[in-house]
Amino acid sequence: MDSRSHTHVTAALRLCLHALLAGLLTLVVVRAVGEGAADTAAVVAVTLLTAALYAAGAARSSSVQPKDSVHPTDSARPRTSVQPGTPAGAWWLGGLWVLWAVLLVLSPDALWVAFPLYFLQLHFLPMRWALPAVVVTAAAAITSFVVHRQEIEPGAFIGPLIGAAVAVATVLGYDALFRESERRRELIVELVATRADLAEAERTAGTLAERERLAREIHDTLAQGLSSIQLLLRAAERSLPESAPATPHVRAAREAAQANLAEARSFVRALTPPDLEHGSLAAALERLCARTTAAELTVRFAVSGTPVELPTPYEVALLRTAQSALANTVRHAEARRAEITLSFMDTSVALDVVDDGRGFDPSGAPVPERGTGGDGGFGLPAMRARAGSLGGALSVESAPGQGTAVALTLPLPDTEAERAA
C-alpha cells in the first residue's frame, strides 16, 4: 500500500497499532515473569530489543514525510527513511520479523504479536509481497502454538488465519475507500473548475451580447436621430438668409448635433465586437478562417468587389453570420473544404459560406442544431432575424450529400445620406 498523509484517521490508526504492539509485547514479558520460566531473561531481552527497534522505525517513519504530495512516490521518499516502498522500510520490517521469530521460540505468548505484524506487512510491502508475508507469519504463529503446546487444536489454526483474513480485508477495504474518496475529490475539483470556467464564459458571452445590443441601439436610435436632426438643420440653414437672426442659432444647433453624433459613433466603435476592433471586417473574417481548425478541413476566404465602409451593425451581422455558419460546418457538415466570400456590390453587400459537407434538408424537420458552435448560439432563425432587422435576407441552399450554402445579403445604406450624416 501507499503511505498516506497524516489525517486524523491515519493518525488514529497509527496510535492504535502502536498501542496494540506495545500491549502484546508487555503481555509476553508479564507472562514470562509470572510463570518464572528458565528463559525469562532472554524473553525480556528480546522483547525489549523488539520494542526498541519498532520505536526507532516508527519515529523515523513519522519524522520523514514527503512534501507537497498526498500520494508519495518512491522518488519522493528518501531511500534511507523507514517508509513504505523503501529498502530501509523493508529491512526494518525484516528485522522485526526475525526478532519476533526468536521470541516465538522462547515464548508461546509471542504468537499474538502476529496480528500487528500483519498490518505492518500489508502497509510496508507491495501487495504481491505482502500477502505471501502474511501467510508465512500466520504459518509461523500456528507452528509455534503446536510446538509449545504439543497438541493440535482447531483454535491454533483458526485464530491466526482469521486474524490474517481480517487484517487483509481491513487494509484492502480501507485502500478501496481511500481510492474512491480520492476519485470523488478529483471529480469535485474538476467540477468546481468547470463551473468557474462556465461562469466566466457565460459572463464573457453576456458582456459581448450586451455590448452588441448597446451598439445597435445607439446606432439605430441616437445616431440615426442625431443624423436626421443634422440633415434638417442643414436644410433649414440653407433656406435662411445669412443675415436672418435665426441663422446663427440654426448653425449652432447643427454643429451641436454633429458633435453629439460624433460622440454617439465613438460609443458604437467602443462597443464593437473584439474581432472588429483590430481591423476591417475582411481582416476579421480572414482571422476567423485562419483559426478555424477541424480534421481534414480547409477554410478559405475571398473578397469580391471594392470594399466600402459599413456601419457597425452591418459588420457585426456579417461577422456573426460567418461565425455561426462556419461553426455549423465544423460541427455537423464533416466537410473537407469551406469557403467564405464577402462581396461588395453597387447597392448591397453579400456574405456566402459554402461547404462540401454532408448537407441537410432545410425544409425537413427536425432541422439539425445549427449555430451552436463558437458563435454564441445563433441558429438559422436568429440569423434570419438579424438579417431582417437590417432590411436584408438570408438564404440557405442544401441537400443531403450535396453540401450547404448560406448567403446573407444586406442593402447598402444610402450613401449620400451617410456622407451628410
Would you mind writing out the side-chain donor-acceptor pairs for residues 127-136 within the sub-3.5 Å range, not counting sequence neighbours?
none

Is the count of non-hydrogen atoms from other residues, nucleotides or ligands lying under 6.0 Å from E237 atom CD greater than 12?
yes
Could you check whether any side-chain heavy atom of V396 comes within less than 4.5 Å of a side-chain heavy atom of F360, counting everything from C-beta outward?
yes
Report yes if some heavy atom in the side chain of N260 is under 4.5 Å from a heavy atom in the side chain of I229; otherwise report no.
no
With a 4.5 Å cut-off on side-chain heavy atoms, are L318 and L410 touching?
yes
Does T47 form a side-chain contact (heavy atoms from CB on, under 4.5 Å) with T26? I'd like the steps, not just the answer.
CA-CA 8 Å; T47 301; T26 302; over 6 Å; no
Residue pair L390 / Y314: nearest heavy atoms and the distance that separates them
O-OH, 3.9 Å
Residues two or more places apart in sequence or in another chain: which of them pass side-chain contact (heavy atoms from CB on, under 4.5 Å) with P241?
S243, A244
Which residues pass the side-chain contact (heavy atoms from CB on, under 4.5 Å) test with R203, sequence neighbours left out?
A199, E200
Side-chain donor/acceptor of S398 to backbone N/O of G403, under 3.5 Å
yes
With respect to T137, which candidate in W100, W97, Y118 satisfies the side chain to side chain donor-acceptor pair (under 3.5 Å) definition?
W97
Would you check if Q258 and L233 make a side-chain contact, meaning some heavy-atom pair closer than 4.5 Å?
no
Flag the pair V349 / L408 as yes when at least one side-chain heavy-atom distance between them is below 4.5 Å, and no otherwise.
no
Would you say that more than 12 heavy atoms from the other residues, nucleotides or ligands in this model lie under 6.0 Å from the CZ of R337, or not?
no
Quick one: do E190 and R183 make a salt bridge, cutoff under 4.0 Å?
no
Rounded to the nearest 0.5 Å, the CG atom of L21 sits from the CG atom of L117 at a distance of 7.0 Å
Is there a donor-acceptor contact under 3.5 Å from the side chain of S107 to the main chain of L103?
no
Contacts of type side-chain contact (heavy atoms from CB on, under 4.5 Å), residue L232, not counting sequence neighbours
none
Restricting to pairs with a member in residues 296-309, which pass side-chain hydrogen bond (donor to acceptor under 3.5 Å, both in side chains), not counting sequence neighbours?
E296-R336
With a 4.5 Å heavy-atom cut-off, do F301 and L288 have their side chains touching?
no
Side-chain ion pair, R179 and E182, N-O less than 4.0 Å:
no
Side-chain heavy atoms of I340 within contact of V353, under 4.5 Å:
yes
Expected output: side-chain T170 to main-chain V166 donor-acceptor under 3.5 Å:
yes
Stepwise side-chain contact (heavy atoms from CB on, under 4.5 Å) check, R386 with L394:
CA-CA 9 Å; R386 185 185 287 276; L394 180 80; over 6 Å; no
In sequence, state the C-alpha distance, the side-chain angles, and the governing distance for Y54 and L17, and then conclude on side-chain contact (heavy atoms from CB on, under 4.5 Å).
CA-CA 11 Å; Y54 178 82; L17 183 62; 3.9 Å; yes
Lys/Arg N to Asp/Glu carboxylate O, E180 vs R184, below 4.0 Å
yes
So, using side-chain hydrogen bond (donor to acceptor under 3.5 Å, both in side chains) as the criterion, who are the partners of R195 when residues are at least two apart?
none
Does E397, at its CD atom, have more than 12 non-hydrogen atoms belonging to other residues, nucleotides or ligands within less than 6.0 Å?
no
S324 side chain to T321 main-chain N or O, any donor-acceptor pair under 3.5 Å?
no
Would you please classify the geometry between the W112 ring and the F115 ring as parallel, tilted or perpendicular, with 30° and 60° separating the classes?
parallel
